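Numbering starts at 1 and runs along the sequence shown. None of the values given here were measured: they were computed from a predicted structure.
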Amino acid sequence: MDKIIPDGVTLSDLKIIKNDQGDLLHCLKSSSEVYSNFGEAYFSEIKSGAIKSWKRHNQMVLNIVVPLGKIKFVIYDDRKSSSTKHQFYEVILSKDNYKRLTVSPGLWMAFKGLSKDLSMLINIANIEHDDNEVDRKSIDEIPYNWG
């Protein structure tokens, strides 16, 4: 698997502040380099072994963090003028690999729950969700081996 990060994808280290009563996990600040605007924030759960199929946003910037469980994200680049056209980028996020995944519009993304229990992500998006700016494909339409 090629580990070249496509243009428009950023993986940012995040801070975890340890506390005996429960840790504090940073997510996104308005001063962050990748911050563009606030549209909405939402949580998405994924069950163990489940795969949420391919989605491409045409306007929305995703800022994804996984505070609970373990999730594998796969990004596919089919942009005509991209140097990473037809390549996959994969990353596993969890509290043990606590980072923020920022994905610009125009890239396909799908993800799989890897924990034995439920996993959860938060997306802090630059715009509110709009079904008219999203393209979808079934899991078979982009050939990737989920293992």
**Message:** Do I71 and L93 make a side-chain contact, defined as non-hydrogen atoms from C-beta onward lying under 4.5 Å apart?
**Reply:** no

**Asked** Partners of K72 by salt bridge (charged side-chain N to carboxylate O under 4.0 Å, His left out), sequence neighbours excluded?
**Response** E90

**Request:** Using side-chain contact (heavy atoms from CB on, under 4.5 Å) as the criterion, list what pairs up with I142, not counting sequence neighbours.
**Result:** W54, Y76, F88, W108, K137

**Message:** So L121 and S44, do their side chains get closer than 4.5 Å, heavy atoms only?
**Reply:** yes

When the side chains of residues 13-20 are checked against the rest of the protein, which donor-acceptor pairs come out under 3.5 Å, sequence neighbours left out?
| unit_1 | atom_1 | unit_2 | atom_2 | d |
| --- | --- | --- | --- | --- |
| D13 | OD1 | K99 | NZ | 2.3 |
| K18 | NZ | D23 | OD2 | 3.3 |
| N19 | OD1 | Q21 | N | 2.7 |

**Prompt:** Among pairs that include at least one residue of residues 111-128, which meet salt bridge (Lys or Arg N to Asp or Glu O under 4.0 Å), considering only residues two or more places apart or in two chains?
**Reply:** none

**Prompt:** Who passes side-chain hydrogen bond (donor to acceptor under 3.5 Å, both in side chains) against H129, sequence neighbours left out?
**Reply:** D131

**Message:** Once side-chain contact (heavy atoms from CB on, under 4.5 Å) is applied, do any residues pair with T84, and if so which ones, sequence neighbours excluded?
**Reply:** I4, P6, D77, R79, S82, Q87

**Asked** Any side-chain heavy atom of M109 within less than 4.5 Å of one from K55?
**Response** no

**Complete:** Contacts of T10 meeting side-chain contact (heavy atoms from CB on, under 4.5 Å) (sequence neighbours excluded), chain-then-number -> S12, V34, T102

**Prompt:** What salt bridge (Lys or Arg N to Asp or Glu O under 4.0 Å) pairs are there with at least one residue in residues 56-69, not counting sequence neighbours?
**Reply:** R56-D78, R56-D135

**Flag side-chain contact, heavy atom, 4.5 Å: D7 against S83** = no

**Joint cluster assignment, F111 & L114, ILVMFWY side-chain distance < 4.5 Å** = no

**Prompt:** Out of curiosity, does I127 fall in the hydrophobic cluster containing L107 (side-chain heavy atoms, cut-off under 4.5 Å, transitive links)?
**Reply:** yes

**Request:** Kindly state each residue pair satisfying side chain to side chain donor-acceptor pair (under 3.5 Å) with at least one member in residues 28-40, sequence neighbours excluded.
**Result:** none

**Prompt:** Side-chain heavy atoms under 4.5 angstrom apart, residues restricted to Ile, Leu, Val, Met, Phe, Trp, Tyr: same cluster for V61 and I124?
**Reply:** no

**Prompt:** Between CD1 of I122 and CD1 of I64, what distance do you get to the nearest 0.5 Å?
**Reply:** 10.5 Å

**Complete:** Shortest non-hydrogen pair, M60 vs E133, comes out as N-OE1, 3.1 Å

**Request:** Verify, without hydrogens or angle tests, whether S119 (side chain) and G69 (backbone) share a donor-acceptor contact under 3.5 angstrom.
**Result:** no

**Item:** Linked hydrophobic residues, L118 as query - side chain contacts closer than 4.5 Å
**Value:** none

**Request:** Group every Ile, Leu, Val, Met, Phe, Trp and Tyr by side-chain heavy-atom contacts under 4.5 Å, then state whether F73 and L28 land in the same group.
**Result:** no

**Message:** So, using side-chain hydrogen bond (donor to acceptor under 3.5 Å, both in side chains) as the criterion, who are the partners of S48 when residues are at least two apart?
**Reply:** none

**Prompt:** Is it true that I92 and Y144 fall in one hydrophobic cluster, defined by side-chain heavy atoms closer than 4.5 Å?
**Reply:** no

**Message:** Checking Y98 now: which residues fulfil ring-ring contact (aromatic ring centres under 6.0 Å, His included) with it, not counting sequence neighbours?
**Reply:** none

**Request:** Can you measure from CG (L11) to CZ (R100) and round to the nearest 0.5 angstrom?
**Result:** 9.5 Å

**Heavy-atom side-chain proximity of L101 to L62 below 4.5 angstrom** = no

**Request:** Can you measure from NZ (K70) to OG (S115) and round to the nearest 0.5 angstrom?
**Result:** 7.0 Å

**Asked** Between atom CD1 of I75 and atom OH of Y89, what is the distance when rounded to the nearest 0.5 Å?
**Response** 7.0 Å

**Prompt:** If only atom types and distance count, is the side chain of S53 paired as donor or acceptor with the main-chain N or O of I139 below 3.5 Å?
**Reply:** yes

**Message:** Could you tell me if the side chain of L68 sits less than 4.5 Å from the side chain of K95, heavy atoms only?
**Reply:** no

